[in-house]
Structure formats: C-alpha cells, structure tokens
*Asks:* 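Starting off with a structure, shown below.
Worth knowing before you read on, the calculation uses all heavy atoms, side chains too, and leaves out hydrogens, waters and symmetry mates. Index from 1, following the sequence. What you see is a predicted model, and the numbers here were worked out from it, not measured in a lab.
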Amino acid sequence: MVQVRNILWLTDFSEDSVHALTYARTLAEFWKTKIYLMHVIENPTSSTYGAVDGDYLAMEANAREKSRTWLAETVKGLGAGVDHEILLREGEILTEIMKVETDKAIGTIVVGSHGRTGLAHILLGSVTDKVVRSARCPVYVVRHPTRAARR
C-alpha cells in the first residue's frame with residue numbers, strides 16, 4: 001500500500017498555486033501527515049512583491065515581509081487540525097526545493113501550473129517542469145480548472 005508522508009506545497013502566490021493548496025490540504029488530511037507550505041524568493045526585485053523605494057537591501061526586506069504575510073494568511077485558510085510548517089527560503093528555486101525534499105523527508109510535492117506553452121514556456125521556463133524532472137518523490141501538478149492553456 002502507498003503511504004504518503006510529508007507533503008510539500010509550493011507557491012508563487014498566484015491563483016494557480018493557491019488553487020493547488022486544496023489538493024495538498026486534502027492529501028495531508030487523508031494521510032494524517034504534515035504539510036509544508038513553501039515559497040522561494042529567487043529575485044526580490046520581482047514585480048510579485050510590489051514596487052519599493054530604496055536599494056537592493058530594501059527590496060530584499062520587502063520581499064521577505066510580503067512573503068511572510070502572504071504565507072501567514074494562507075495558513076488561515078488551511079482549517080483547524082492540519083499539521084503544517086511554513087518554509088520561506090531564498091536562492092535558486094529548484095535548489096531550495098530539492099534541499100527541502102531531502103531535509104524534511106518529503107513524500108509528495110503539490111504544485112500549481114500556469115499552463116504556459118510554446119514561446120511563453122520557453123522564455124519564462126517552468127519551475128513545475130524542473131520539479132517534475134528533478135524530484136525523487138511523486139509530484140502532483142494541478143491546473144486551475146477555469147484557465148485554458150496559454151499558447
């Protein structure tokens with residue numbers, strides 16, 4: 001019998017990744033295991049974190065603060081009784097994910113997919129594709145149900 005343990009949910013705070021949290025939470029509840037909610041700050045100057053006046057250090061501080069706030073808000077939506085831990089990392093996304101997979105004995109990774117194809121996929125890359133190819137454990141890739149593939 002398959003036993004799922006220690007679920008890692010990855011987020012870039014997009015609607016797609018938030019939708020995937022439902023799957024991660026359901027798996028964690030069903031298997032009575034811990035869920036790790038993870039965001040990696042790869043580029044603190046990204047528009048994801050909003051505009052900031054100041055130097056690079058101010059941008060890093062802003063990215064950390066916004067990420068902590070968003071993750072804390074996300075935890076509120078998990079519901080009572082779900083064993084969880086927030087992980088905020090900085091660095092190259094795939095490297096940090098693979099470290100956590102090993103360090104936390106992750107048994108399943110859940111990630112949302114933006115569904116980009118063609119040139120957008122080539123230019124923007126796909127963290128999801130890299131995770132699927134690199135992870136040693138099963139990876140659930142969850143598409144948002146109301147989005148068509150972006151071509």
Side-chain angles (χ1 to χ4, degrees), residues 1-50 60 63-151:
M1 176 198 251
V2 174
Q3 176 66 40
V4 175
R5 62 174 167 55
N6 293 340
I7 296 165
L8 177 62
W9 171 72
L10 306 172
T11 185
D12 59 2
F13 305 115
S14 67
E15 187 178 340
D16 302 290
S17 66
V18 171
H19 175 72
L21 180 58
T22 303
Y23 289 80
R25 183 185 64 235
T26 300
L27 287 169
E29 288 172 343
F30 182 81
W31 291 104
K32 297 174 180 41
T33 191
K34 188 171 197 170
I35 182 172
Y36 292 89
L37 301 100
M38 181 177 179
H39 175 70
V40 180
I41 300 170
E42 186 171 53
N43 177 8
T45 65
S46 168
S47 62
T48 300
Y49 309 109
E60 283 183 320
R64 284 184 203 110
E65 182 57 35
K66 288 213 172 152
S67 297
R68 281 188 199 103
T69 300
W70 291 333
L71 284 166
E73 287 298 315
T74 300
V75 166
K76 290 178 185 176
L78 277 181
V82 178
D83 188 12
H84 67 277
E85 182 177 330
I86 290 176
L87 303 172
L88 180 58
R89 301 287 191 264
E90 296 178 41
E92 198 276 319
I93 293 172
L94 186 62
T95 301
E96 294 303 315
I97 292 168
M98 294 302 99
K99 283 182 194 174
V100 168
E101 180 189 21
T102 301
D103 295 347
K104 302 293 185 180
I106 298 300
T108 301
I109 297 173
V110 178
V111 61
S113 173
H114 294 284
R116 291 186 186 102
T117 60
L119 186 59
H121 176 78
I122 292 167
L123 294 176
L124 298 173
S126 172
V127 170
T128 301
D129 284 348
K130 292 174 187 174
V131 170
V132 168
R133 282 188 261 122
S134 302
R136 290 179 292 275
C137 67
V139 179
Y140 281 75
V141 178
V142 181
R143 291 279 309 273
H144 196 284
T146 60
R147 295 190 197 282
R150 295 182 190 131
R151 297 186 188 274

*Asks:* Using only atom types and a distance under 3.5 Å, with no angle test, would you say the side chain of N6 pairs donor to acceptor with the backbone of A105?
*Replies:* yes
*Asks:* Ring pair (Phe, Tyr, Trp, His ring centres under 6.0 Å) with Y140: which residues, sequence neighbours excluded?
*Replies:* none
*Asks:* Checking T48 now: which residues fulfil side-chain hydrogen bond (donor to acceptor under 3.5 Å, both in side chains) with it, not counting sequence neighbours?
*Replies:* S46
*Asks:* Mind checking the OG1-CD1 spacing from T102 to I97? Nearest 0.5 Å is all I need.
*Replies:* 12.0 Å
*Asks:* Which heavy atom in P138 sits nearest to a heavy atom in G107, and how many Å separate them?
*Replies:* CD-O, 3.2 Å
*Asks:* For Y23, enumerate each residue passing the ring pair (Phe, Tyr, Trp, His ring centres under 6.0 Å) test, keeping only those at least two apart in sequence or located in another chain.
*Replies:* H19
*Asks:* If you take all heavy atoms of L78 and V82, which pair is closest and at what distance?
*Replies:* O-CG2, 3.7 Å
*Asks:* Check the pair I35 / L21 against side chain to side chain contact (heavy atoms under 4.5 Å, CB included), numbers first and verdict last.
*Replies:* CA-CA 10 Å; I35 182 172; L21 180 58; 4.0 Å; yes
*Asks:* Can you tell me which residue pairs pass the ring pair (Phe, Tyr, Trp, His ring centres under 6.0 Å) test with a partner in residues 76-110, sequence neighbours excluded?
*Replies:* none
*Asks:* Distance check, rounded to the nearest 0.5 Å: I86 atom CD1 versus L71 atom CG?
*Replies:* 5.0 Å
*Asks:* Tell me every residue that passes side-chain contact (heavy atoms from CB on, under 4.5 Å) with L94, counting only those two or more places apart in sequence or in another chain.
*Replies:* E92, M98, K130, V131, S134
*Asks:* List in chain and number order the residues that pass side-chain hydrogen bond (donor to acceptor under 3.5 Å, both in side chains) with Y49, two or more places apart in sequence or in another chain; answer none if no residue qualifies.
*Replies:* H39
*Asks:* Working to the nearest 0.5 Å, report the span between CG of D12 and CD1 of I93.
*Replies:* 8.0 Å
*Asks:* With sequence neighbours left out, what residues match S47 under side-chain hydrogen bond (donor to acceptor under 3.5 Å, both in side chains)?
*Replies:* none
*Asks:* For side chain to side chain contact (heavy atoms under 4.5 Å, CB included), just list the numbers for L10 and T128, CA-CA rounded to whole Å, side-chain angles, deciding distance to a tenth of an Å, and then say yes or no.
*Replies:* CA-CA 9 Å; L10 306 172; T128 301; over 6 Å; no
*Asks:* With distance as the sole test, does E101 use its side chain to make a donor-acceptor pair with the main-chain N or O of A135 at under 3.5 Å?
*Replies:* no
*Asks:* E96: what forms a side-chain contact (heavy atoms from CB on, under 4.5 Å) with it, not counting sequence neighbours?
*Replies:* M38, V40, R89, K99
*Asks:* R5: which residues meet the side-chain hydrogen bond (donor to acceptor under 3.5 Å, both in side chains) condition with it, sequence neighbours left out?
*Replies:* none
*Asks:* Please check if the side chain of W9 supplies one atom and the backbone of S17 the other of a donor-acceptor pair under 3.5 Å.
*Replies:* yes
*Asks:* Grab the two heavy atoms, one from G50 and one from K66, that are nearest each other, plus how far apart they are.
*Replies:* CA-NZ, 4.1 Å
*Asks:* Once salt bridge (charged side-chain N to carboxylate O under 4.0 Å, His left out) is applied, what residue pairs with a partner in residues 25-40 remain, sequence neighbours excluded?
*Replies:* K34-E85
*Asks:* If we check side chain to side chain contact (heavy atoms under 4.5 Å, CB included) with L37, which of these qualifies: L88, T74, I7?
*Replies:* T74
